[in-house]
Amino acid sequence: MNRAIITVVGKDTIGIIAKVCNYLAESNVNILDISQTIVQDYFNMMMIVDISQLDLSYEELTDKLTGIGKELGVQVKCQREDIFDMMHRI
């Protein structure tokens, strides 16, 4: 399985989860695990996704997610799981 970690952070607004998740579904990305929280007015979401059936390039996926984040006024980052794990090792 080819997995990635997607994080979304920023000021809470209507439609963040819907916009990101709809785009992932359109791109044939399966959400394996999702966690989201709101602390006061700040939104934080982390997803583990399966990108093995992705119907576009990984770079196109990350570029579009970045653009969706800009539209919503939040920061969206997508990293391959192996790179994420290496960056967060103690």
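Position 1 is the first residue of the sequence, and the numbers go up from there.
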Going through the checks in order, is the side chain to side chain contact (heavy atoms under 4.5 Å, CB included) test met by Leu65 and Tyr23?
CA-CA 8 Å; Leu65 286 170; Tyr23 175 69; 3.8 Å; yes

Candidate pair Gln36 and Ile17, rule side chain to side chain contact (heavy atoms under 4.5 Å, CB included), full reasoning
CA-CA 9 Å; Gln36 68 92 42; Ile17 296 172; 3.9 Å; yes

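The backbone N or O of Ile51 sits nowhere less than 3.5 Å from a side-chain atom of Tyr58 that would complete a donor-acceptor pair. In this structure a side-chain-to-backbone donor-acceptor pair under 3.5 Å is present from Asn28 to Gln53.
Between Met46 atom CE and Asp33 atom CG the span is 8.5 Å, to the nearest 0.5 Å. Put simply, CD1 on Ile38 and CG on Asp12 are 4.0 Å apart, with the number rounded to the nearest 0.5 Å. Between the CD atom of Glu26 and the CG atom of Leu56 there is a distance of 10.5 Å, given to the nearest 0.5 Å.
By the 4.5 Å heavy-atom criterion applied to side chains, Ile48 and Arg3 are counted as neighbours. Between Met47 and Leu24, some side-chain heavy-atom pair lies under the 4.5 Å cut-off. Within the 4.5 Å cutoff, no side-chain heavy atoms of Thr66 are placed close to those of Val76. Residues Ile5 and Cys78 fail the side-chain proximity criterion, which asks for heavy atoms closer than 4.5 Å. In this structure, the side chains of Arg80 and Asn2 come closer than 4.5 Å at one or more pairs of heavy atoms.
Taking all atoms of both residues into account, the shortest heavy-atom contact from Leu72 to Ile16 is CD1-CA, 3.9 Å. Contact record, Val8 with Val20: CG2-CG2, 4.4 Å, taken as the closest heavy-atom pair.
Ser57 and Glu60 share a side-chain donor-acceptor pair at under 3.5 Å.
The environment of OH in Tyr42 is sparse: at most 12 heavy-atom neighbours from other residues, nucleotides or ligands sit within 6.0 Å. The number of heavy-atom neighbours closer than 6.0 Å to NZ of Lys11, taken from other residues, nucleotides and ligands shown, is above 12.
Both Val29 and Ile31 sit in one connected hydrophobic cluster of ILVMFWY residues. Membership requires side-chain heavy atoms under 4.5 Å apart, directly or through other members.
Remark: of the listed residues Ile6, Leu54, Asp55, Val49, Leu54 is the sole one forming a side chain to side chain contact (heavy atoms under 4.5 Å, CB included) with Leu61.
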